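Predicted, not measured: the structure shown is a model, and the values here were computed from it. Per chain, numbering begins at 1; letters A, B, ... match sequence-line order.
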Protein chains: 2
Amino acid sequence: MNNVQEESLRDQKKNRRRLQILEIARGIIATKGLRSLKVRDVAEAAGCSVGSVYNEFGDFDGVILTVNRETVQALTARLRGVPAEDPVRQLYGLAETYLEFFAEHANLLRSLFEHRMEDDRPYPDDILQMVMDAFALMHPPLVRLLPDADDVKIALLSRTLFSAVHGIISLGLEERMVAVPPQMLRQQVEQFIDAHLVGLGIVPPR
Amino acid sequence: MNNVQEESLRDQKKNRRRLQILEIARGIIATKGLRSLKVRDVAEAAGCSVGSVYNEFGDFDGVILTVNRETVQALTARLRGVPAEDPVRQLYGLAETYLEFFAEHANLLRSLFEHRMEDDRPYPDDILQMVMDAFALMHPPLVRLLPDADDVKIALLSRTLFSAVHGIISLGLEERMVAVPPQMLRQQVEQFIDAHLVGLGIVPPR
DNA sequence: ATTCTTCTTGAACATTGTTCATTTTCGAGC
DNA sequence: GCTCGAAAATGAACAATGTTCAAGAAGAAT
């Protein structure tokens, strides 16, 4: 009995096309924003019919959600790369990395956080879970810094910090709103964390 | 010479309809979200043709932007109502009021912050200015608390704090993401400000 | 080679934003 | 009041875009 998954010619083509569609969709979202993503454009660029896009992803939301899924995966991978020796440094590193990633892929992250489903269908659970997992990357350093805090408190705190940093970055990069230059934004985020760590009693005031 | 603006019957009808259209659009956005707002629904509910909506607002974005304009005005009015005797209390009050307002009008605020214009037309300046004015409500208490800080520093700090609180609240109320119960969210915001004010040296650690 | 299954296609449809020639309404001058 | 010109309202037609599906093409199985 052969356990190796033989990939038929059919599956090969299918997979290749699937990846191609995603790449094209991601490119359009990243450069021109989610609102500019059109089925026909994607189909044409991928050299297939609109029907095939539907065949592969169910509906157009399916394409968007798959791109979003990959976005949060890429983000998490980047965040996992932050060194963990010093917990304080790690927290700064996480924020800084989030800022970098957001600045590089602003439209992709907006798609992740702002996309509303048609009707009121629920957002897929697995994506929500992945976002939570990203949140959770702050748990270990926080636990090391606040050994007396219980899990619930840590979970709350990490979510609060993540949300706060997310707010600073997403509004800061919103060119239409304020357009903070990235370098200044970085400083802004740093000072924010400075103050907050002092406030939590994690770091002595300078 | 008569300075009183005579309102012709024509203008009366026009104004009444304009208000009616806005009311209906606001209602739909508030209850079903921006994505569910359709010209034909609005026109039908207002008892007029779609053409009249365009006649009055130019395009559909015009309706949305007018609703957004009124949302930020209502928000600012609410924030202005926060007592200003004690600057620390005022900061807490501003955050708490923002939370209340956001919880009451989540979809309206999302429309304000997330709506993207067609093509890449710029977001109207006057709305951006109003949002900045809302930010600026934190200036006076911050100046009182940090008398040695210069204006730029104050402006940066107020924007940072606003954005951070906005992030905590908007993600916190995003039922699909995390769904923090409002009461817990309130506590979360409070603790956040606690820590930050301590970190800024404004309030002694407890 | 034949048959069966599955995928692909793209025309047709549905929904929704937008335009504009026509009609209606209003106000002004008589 | 009546008439006429300007302004507004209308809604059918158009345009853009998501969605479906019957028919055909392509691959797999025998």
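At the phosphate of dC7(C), neither OP1 nor OP2 sits under 4.0 Å from any side-chain N or O atom of Arg17(A). Proximity of Lys13(A) to the phosphate of dG27(D): a side-chain N or O atom is located under 4.0 Å from OP1 or OP2. Residue Ser49(B) has a polar side-chain atom (N or O) positioned under 4.0 Å from OP1 or OP2 of dT10(D).
Dense packing is recorded around CG of Asp126(B), with more than 12 heavy atoms of other residues, nucleotides or ligands lying under 6.0 Å away. In the displayed structure, Glu190(B) atom CD is contacted under 6.0 Å by more than 12 heavy atoms of other residues, nucleotides or ligands.
One finds a salt bridge joining Arg26(A) and Glu70(A) here, because a Lys/Arg side-chain nitrogen approaches an Asp/Glu carboxylate oxygen to under 4.0 Å.
In this structure, the CZ atom of Arg121(B) is 14 Å from the P atom of dG17(C), given to the nearest Å. Distance, Ile21(A) CD1 to dC7(C) P: 14 Å, rounded to whole Å. Straight-line distance from the CZ atom of Arg116(B) to the P atom of dG17(C): 19 Å, rounded to whole Å. For Arg18(A) and dC7(C), the CZ to C1' distance is 15 Å, given to the nearest whole Å. Here the P atom of nucleotide dC26(C) and the CZ atom of Arg16(B) are 11 Å apart, to the nearest Å. In this entry the distance linking CD of Gln12(A) with C1' of dC7(C) reads 15 Å, nearest Å.
No hydrogens or angles considered: nothing links the side chains of Asn15(A) and Arg18(A) as a donor-acceptor pair under 3.5 Å.
At least one donor-acceptor pair closer than 3.5 Å links the side chain of Ser170(B) to the backbone N or O of His166(B). In terms of modelled atom types and a separation under 3.5 Å, the side chain of Asn68(B) and the main chain of Ile127(B) share no donor-acceptor contact. No donor-acceptor distance shorter than 3.5 angstrom exists from the side chain of Ser52(A) to the backbone of Cys48(A), with no hydrogens or angles considered.
Each salt bridge (Lys or Arg N to Asp or Glu O under 4.0 Å) pair with one or both residues in residues 71-80 of chain A, not counting sequence neighbours, appears once here: Arg78(A)-Glu100(A), Arg78(A)-Glu104(A).
Within residues 34-44 of chain A, the residues that place at least one heavy atom under 4.0 Å from DNA chain D are, in residue-number order, Leu37(A), Lys38(A), Val39(A), Arg40(A). Residues from residues 52-64 of chain A lying near DNA chain C, meaning a heavy-atom separation below 4.0 Å, are Ser52(A), Asn55(A) in numerical order.
With rounding to the nearest 0.5 angstrom, the NE2 atom of His139(A) is 9.0 Å from the CG atom of Leu157(A).
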